[in-house]
Amino acid sequence: MQLLLSKPRTLQLFPIFLCFLLLPCLPQPLPSPSPSPSSSAPSSSSPSPSPAPPSLPLSPFNDRLEAAYVAFQAWKHVITEDPKNLTKDWCGPFVCNYTGVYCAAAPDDPHILTVAGVDLNHGDIAGCLPDHLGLLADVALLHLNSNRFRGTLPPSMQHMRLLFELDVSNNLLAGAFPAFLTSLPKLKFLDLRFNGFDGELPDAVFGRQLGLDAIFANNNRFNVSLSSESLTNSTASVIVLANTRVAGCLPPSIGDMADTLVELILLNTSISSCIPPEIGKLKKLKVLDLSHNDLAGELPDSVGDMESLEVLNVGYNMLAGEVPEAICELPRLRNLTIAGNYFCDEPVSCLHVPLRDDRMNCIPDWPHQRSPEECIAFAHRPPAHCAADGCIVVLPPP
């Protein structure tokens, strides 16, 4: 389908659209110009100066706002429910007056007013996202979380070359990952969580060429492959992939993200892996959640080098051995969860961590631990060895 993105096709028909679509909305006043301080009435005791020309706002009539009008009317047409009436005033040509629409001077021409942002967060709006959305070519912020939009992101959004933040979380969107997102040059914040997207999450999402700063892809049906060429190539400060299907092992190259990574959440991703010692290089990391996976081996001493760590959750895996004392002595650690593993010892210093959960382990004389039978049975299993790529190698019994 040919997109209505060129002025000859779209804007030549604009007067016809205007005649039919504006009738129920008229009359609507034109925004009044802001008064200039120099135009106020002079004092009777002072000579009357020559009035300076008033400072007029940017005109609400131009080709970009005409295109935006077409986009918003097309969007309103495919909205089936709007319980909060957020789009009730999407009527008339002055789109900058619409609820949730924010205008600013165009970055390439300060004399032209354009739509710079759309925020319909928590609107509970039902409908879909029309192809005409690509007419909003100057939008930098598009916030649509907590609605009931179905379908997928229209390919016409590839024309949003200034898009910086995209938040469509907590909707009913589905289908494959919208490939055009990896070609948007300004995109830094991508939030797709709590939707029904599926298929492969492309390596380009983590690529340095795209350079995303925050990636929220959790609670979809994506398939993600961990490798030194994909996840660990990212420059993001926040990566959240919880409740997705992740294949592969935590590679030693995870330490390559030391300069940028602040939060890494991989809970419930079915990772079967060791925790590589190189993870200790992540000295800026504040939150690490690897819980509810199939991690085995020991918790590396190097985690005690992660001086910024505030939250560490490795609960409900198959980790064993001793909890390194250096971890519990981290200066900023406030939340430590090691529950649901097979640790056999925990330093007394861990008692000073404000929030601590060490239940269901094998720590002698410690409350709320596994039964002796469970711990003995685990101790008789073949030990897990970690290969150079971080994967678990189970040696055959002697």
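This one's a predicted model, so the numbers in the text were calculated from it and none came from an experiment.
- With hydrophobic clusters built from ILVMFWY side chains whose heavy atoms lie under 4.5 angstrom apart, Ile271 shares a cluster with Phe206.
- Note on Phe180 and Leu201: same hydrophobic cluster, where clusters join Ile, Leu, Val, Met, Phe, Trp and Tyr whose side-chain heavy atoms are under 4.5 Å apart, directly or indirectly.
- Side-chain contact between Asp198 and Asn223 is absent, with no heavy atoms from C-beta onward closer than 4.5 Å.
- In this model, Cys274 has its SG atom no nearer than 2.5 Å to the SG atom of Cys391.
- One finds the CD atom of Glu307 at 12.0 Å from the NZ atom of Lys286 (value rounded to the nearest 0.5 Å).
- The two residues Pro300 and Pro277 have their closest heavy-atom pair at CB-CA, 4.0 Å.
- Taking the six-membered ring where tryptophan is involved, the planes of Tyr342 and Phe378 are essentially parallel, since the angle between them stays under 30° and well short of 60°.
- Within the 4.5 Å cutoff, the side chain of Asn335 has no heavy atoms near those of the Asn313 side chain.
- Side chain of Ser273 to main chain of Gly390: a donor-acceptor pair is present (N/O by atom type, distance under 3.5 Å, no hydrogens or angles).
- Taken from NZ in Lys188 to CZ in Phe164, the straight-line distance is 7.5 Å, to the nearest 0.5 Å.
- Within a 6.0 Å radius of NZ in Lys76, other residues, nucleotides and ligands contribute more than 12 heavy atoms.
- Between the side chain of Lys284 and the backbone N or O of Asp259 there is at least one donor-acceptor pair closer than 3.5 Å.
- Paired with Pro178 under the rule side-chain contact (heavy atoms from CB on, under 4.5 Å), one option of Leu153, Leu173, Val168, Leu166 passes, and it is Leu153.
- No donor-acceptor distance shorter than 3.5 angstrom exists from the side chain of Asp138 to the backbone of Val115, with no hydrogens or angles considered.
- Smallest separation of non-hydrogen atoms from Pro130 and Pro154: O-CG, 3.4 Å.
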Audit row: Leu113, Leu65, side chain to side chain contact (heavy atoms under 4.5 Å, CB included) steps and yes/no: CA-CA 8 Å; Leu113 194 64; Leu65 294 181; 4.2 Å; yes

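- Listed here is the closest heavy atom pair of Ile275 and Leu290: CD1-CD1, 4.2 Å.
- A side-chain donor-acceptor contact under 3.5 Å links Ser156 to the backbone of Asp131.
- Side-chain atoms of Arg245 come within 3.5 Å of backbone atoms of Arg221 as a donor-acceptor pair (strictly under, hydrogens ignored).
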Side chain to side chain contact (heavy atoms under 4.5 Å, CB included) between Leu285 and Leu264, worked out: CA-CA 8 Å; Leu285 197 70; Leu264 178 62; 4.3 Å; yes

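- Every residue two or more places apart in sequence or in another chain that forms a disulfide bond (SG atoms under 2.5 Å apart) with Cys328 is listed here: Cys350.
- From His132, atom NE2 reaches atom CD of Gln73 across 11.0 Å, with rounding to the nearest 0.5 Å.
- Contact of the Leu312 side chain with the Val314 side chain is registered, since non-hydrogen atoms from C-beta on lie closer than 4.5 Å.
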Evaluation steps, side chain to side chain contact (heavy atoms under 4.5 Å, CB included), between Phe177 and Asn220: CA-CA 10 Å; Phe177 177 85; Asn220 283 280; over 6 Å; no

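- Between the OH atom in Tyr316 and the CD1 atom in Ile338 there is a gap of 11.0 Å [rounded to 0.5 Å].
- Asp109 pairs by the salt bridge (charged side-chain N to carboxylate O under 4.0 Å, His left out) definition with nothing, not counting sequence neighbours.
- The sulfur atoms (SG) of Cys344 and Cys362 lie 2.5 Å or more from each other.
- Gln369 contributes a side-chain N or O that, together with a main-chain N or O of Pro367, makes up a donor-acceptor pair within less than 3.5 Å.
- Annotation: the span from Ile254 atom CD1 to Ile279 atom CD1 amounts to 4.5 Å, rounded to 0.5 Å.
- Ring centroid separation for the pair Phe61 and Phe94 comes in under the 6.0 Å cut-off.
- In this structure, OG1 in Thr87 is found 3.5 Å from CG in Asp82, a value given to the nearest 0.5 Å.
- A salt bridge links Arg148 and Glu81; the closest N-O separation between the charged side-chain nitrogens and carboxylate oxygens is under 4.0 Å.
- Under a 3.5 Å cut-off, the side chain of Asn147 and the backbone N or O of Asn145 do form a donor-acceptor pair.
- Using a 4.0 Å cut-off between charged nitrogen and carboxylate oxygen, Arg193 and Asp167 do not count as a salt-bridge pair.
- A side chain to side chain donor-acceptor pair (under 3.5 Å) with Ser146 is found for exactly one of Asn170, Asn171, Asp124, namely Asn170.
- Leu120 has its side chain within reach of Val118: a pair of non-hydrogen atoms, C-beta onward, lies under 4.5 Å apart.
- The two residues Asp294 and Ser270 come nearest to each other via the heavy atoms OD2-O, 4.4 Å.
- Residues Asp119 and Tyr102 meet the side-chain proximity criterion, which asks for heavy atoms closer than 4.5 Å.
- Of all heavy-atom pairs spanning Asp389 and Cys249, the tightest one is O-CB, 4.0 Å.
- Taking both residues in full, the closest heavy atoms of Thr152 and Ala176 are given as OG1-O, 4.4 Å, listed atom of the first, atom of the second, then distance.
- At a threshold of 4.5 Å between non-hydrogen side-chain atoms, the residues Glu165 and Leu187 do not count as touching.
- Side-chain N or O atoms of Asp191 include none that pairs as donor or acceptor with a backbone N or O of Ser169 at under 3.5 Å.
- Across Thr269, Asn268, Asn317, a single residue satisfies side chain to side chain donor-acceptor pair (under 3.5 Å) together with Asn293, and that is Thr269.
- Using a 4.5 Å cut-off between side-chain heavy atoms of Ile, Leu, Val, Met, Phe, Trp and Tyr, with links allowed through other members, Ile79 and Leu142 fall into the same hydrophobic cluster.
- At a threshold of 4.5 Å between side-chain heavy atoms, the hydrophobic network of Ile, Leu, Val, Met, Phe, Trp and Tyr places Leu295 and Val240 in two separate groups.
- Judged purely by atom type and a 3.5 angstrom limit, Gln158 uses its side chain to pair as donor or acceptor with the backbone of Pro155.
- Residues in residues 341-362 take part in these salt bridge (Lys or Arg N to Asp or Glu O under 4.0 Å) pairs, two or more places apart or across chains: Glu346-Arg356, Arg356-Asp358, Asp357-Arg359.
- Here the side chain of Ser308 pairs a donor or acceptor atom with the backbone of Lys283 at under 3.5 angstrom.
- Side-chain contact between Leu136 and His159 is absent, with no heavy-atom pair separated by less than 4.5 Å.
- Residue Leu330 is not grouped with residue Val287 when hydrophobic side chains (ILVMFWY) are merged at heavy-atom distances under 4.5 angstrom, including chains of intermediate members.
- Using a 4.5 Å cut-off on side-chain heavy atoms (C-beta onward), Leu144 and Leu129 make contact.
- Relative ring orientation between Phe72 and Tyr98 is described as perpendicular, the plane-to-plane angle rising above 60° on a 0-90° scale split at 30° and 60°.
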Trp75 and Leu133: CA distance, side-chain angles, deciding distance, side chain to side chain contact (heavy atoms under 4.5 Å, CB included) verdict: CA-CA 7 Å; Trp75 195 356; Leu133 211 60; 3.5 Å; yes

